[in-house]
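A quick note: this is a predicted structure, and the numbers were derived from the prediction, not measured. Read the numbers this way: they start at 1 and go in the same order the structure lists the ligands and their atoms.
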Amino acid sequence: MAGALRAAGLTGVDDSVRRRAEYSSDASNYRVVPTVVAFPRHVDEAAAALAVARELGVPVTCRGGGTSIAGNAVGTGLVLDFSRHLNRVLAVDPQARTAVVEPGAILDDITAAAAGHGLRFGPDPSTHARASIGGSIGNNACGSRALRYGRTADNVVSLDVLTASGERLAARRFGRDGLAAAGPAGVALDALVADRLSLIRTEFGRFTRQVSGYSLEHLLPEYGADLAKFLVGTEGTLGLVAGATVRLVASPKAVALAVLGYPGMPEAADAVPGLLPHRPVALEGMDARLVQVFRARRGADPRTAMPGLPRGQAWLFAETEGETEAEARAAAERLIADGGALDATVVTGAPARVLWRIREDGAGLGGRTPADAPAWPGWEDAAVPPSAR
Ligand SMILES: Cc1cc2nc3c(=O)[nH]c(=O)nc-3n(C[C@H](O)[C@H](O)[C@H](O)COP(=O)(O)OP(=O)(O)OC[C@H]3O[C@@H](n4cnc5c(N)ncnc54)[C@H](O)[C@@H]3O)c2cc1C
């Protein structure tokens, strides 16, 4: 396989034992050793790699930051890593509020490129400092600010896609032109939708976080026959994203963080409907276990020393906005008044950033297997090994 890829003109091809071992994992518990890893330098190289894989019948897994937690970014065949070379933000259009990006562009880099115009890329999974746009499109990433800015699908304008059969698609909202305007793949999808109209209309797109599986509702005429949005969340199974035009949103001028404490997660969840009318920019729930993990692993670091949390065993973090910090704080106080919390506080600036890191780092730290983990299965849930019971 490596030889065939090199013969097809790819320069960054690596099938060494070390490289394959490195790419055998993502942020999940799965281990799948690939046959070969390639680092395309431009879209033509990615297309050439796809052609070789098609000819040899080798499965292809695309990869950005590799932060997926369900084995999404590992595979047995060819892994195409876009994060090394195809990682640029090519253009930012402040009038249209869009950015043109390569698939390996990191989310924070897109936001940094747009920041001078008071804009940002809306969705921010906790891994925003290392997650790529290609992977976020693959997973339909959401994050704490999805409440305000929507999912990645809501923030994609068009996609440049290479299909397994070698077709290059300019995927966008086709509206009245209909999906057939997208070429042979569009014609096939149009027929698929026409055959299953009632199923798609009744079962798909029923709630905003229905992000698993294929979001066929986007192909419906009433959704604008949006092939780009449909492809978001398909985890590279329908094609390789070679480029994207994404929507940018206005960054809040000032924000404050309301932290509300509850006896447990059910009480915290029950309080959420009361908070939504305040239109928080971000809303996130955290329980005591996540906080414990963060304290245990990061507590000693003065840069991440946690400000005191309000009383409780579960917390809601709600970010509010305003023209000034005082306005944002006042909005946070109004939200707290409707929160029914045991206890609450408002923080801004550096302490607020530290509190957000509980969510950002805690989930990753909590998912890590400790170096001194027992060697018997089921240790995560039981204190005593089966042999000693
Ligand atoms: C600690 C932690 C916290 C997280 N928090 C969140 C969160 O708050 N919200 C959230 O939504 N997710 C979260 N995630 C999941 C993950 O970080 C995000 O989904 C992230 O956006 C994935 O980006 P990536 O570049 O790492 O993608 P990868 O893991 O590299 O890839 C993701 C998927 O996209 C496919 N893919 C990658 N590039 C392309 C391409 N060019 N073309 C086609 N398909 C491609 C891959 O094959 C894979 O199926 C979290 C993960 C961790 C470890």
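Under 4.0 Å from ligand 1, the heavy atoms of Ile69 that appear belong solely to its side chain. When non-hydrogen atoms are compared, ligand 1 lies under 4.0 Å from the backbone of Ser132 as well as from its side chain. At a heavy-atom cutoff of 4.0 Å, ligand 1 is contacted by the side chain of Arg359 but not by its backbone.
Within ligand 1, the atoms closer than 4.0 Å to a non-hydrogen atom of Gly236 are 43 (C), 44 (N), numbered from 1 in the order shown. Those atoms of ligand 1 with a heavy atom of Gly64 less than 4.0 angstrom away are 25 (O), 30 (O), 37 (C). Ligand 1 places these atoms under 4.0 Å from at least one heavy atom of Ala27: 53 (C). Close approach of ligand 1 to Asn139 (heavy-atom distance below 4.0 Å) involves ligand atoms 18 (C), 19 (O), 22 (C), 32 (C), 33 (C). For ligand 1 and Ala141, the ligand atoms under 4.0 Å from any heavy atom of the residue are 11 (O), 19 (O), 21 (O). Taking every heavy atom of Gly143 and a limit of under 4.0 angstrom, the matching atoms of ligand 1 come to 8 (O), 9 (N). Every atom of ligand 1 with a heavy atom of Glu235 under 4.0 Å away is listed here by number and element: 47 (O), 49 (O). When each atom of ligand 1 is checked for a heavy atom of Gly239 under 4.0 Å away, the hits are 43 (C).
The local environment of CZ in Arg31 is crowded, with over 12 non-hydrogen atoms from other residues, nucleotides or ligands closer than 6.0 Å.
In this structure a side-chain-to-backbone donor-acceptor pair under 3.5 Å is missing from Arg130 to Ile106.
Taking the ring axis of Trp356 as reference, the NZ or CZ atom of Arg145 stays within 45° of it and closer than 6.0 Å to the ring centre.
A chain of hydrophobic side-chain contacts below 4.5 Å, direct or via other Ile, Leu, Val, Met, Phe, Trp or Tyr residues, connects Val193 to Tyr214.
By the 4.0 Å heavy-atom criterion, Pro123 is excluded from the residues contacting ligand 1. Ligand 1 has no atom lying under 4.0 Å from any heavy atom of Asp26.
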Requested in this report: For side chain to side chain donor-acceptor pair (under 3.5 Å), just list the numbers for Asp26 and Asn72, CA-CA rounded to whole Å, side-chain angles, deciding distance to a tenth of an Å, and then say yes or no.
Outcome: CA-CA 8 Å; Asp26 50 13; Asn72 323 32; over 6 Å; no
Query - His218/Asp226 under side chain to side chain donor-acceptor pair (under 3.5 Å): CA gap, chis, key distance, verdict - result: CA-CA 5 Å; His218 292 298; Asp226 199 322; 6.0 Å; no
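Between Thr76 and Thr35 the shortest heavy-atom distance is O-OG1, 2.8 Å. Nearest heavy-atom pair across Lys229 and Val156 is NZ-O, 3.2 Å.
Atoms CZ and CG, on Arg63 and Leu78 in that order, are 12.5 Å from each other to the nearest 0.5 Å.
Annotation: salt bridge (Lys or Arg N to Asp or Glu O under 4.0 Å) contacts involving residues 81-95, sequence neighbours excluded, comprise Arg88-Glu102.
Considering backbone and side-chain atoms alike, Asn140 places every N or O at 3.5 Å or more from each N or O of ligand 1. Between Thr127 and ligand 1, a contact under 3.5 Å exists for at least one N or O pair.
When the options Pro125, Ala131, Cys142 are ranked by their closest heavy atom to atom 11 (O) of ligand 1, first place goes to Cys142. Of the listed residues (Val79, Leu240, Thr152, Thr67), the one carrying the non-hydrogen atom nearest atom 26 (O) of ligand 1 is Thr67. Taking all heavy atoms of Gly134, Gly66, Cys62, Pro103 into account, the minimum distance to atom 46 (C) of ligand 1 is reached by Cys62.
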Would you tabulate the side-chain donor-acceptor contacts of residues 37-51 under 3.5 Å, counting partners in other chains and residues two or more places apart, or write 'none'?
from: Arg41; atom 1: NE; to: Thr11; atom 2: OG1; distance (Å): 3.1
from: His42; atom 1: ND1; to: Glu45; atom 2: N; distance (Å): 3.4
from: Glu45; atom 1: OE1; to: Arg41; atom 2: N; distance (Å): 3.0

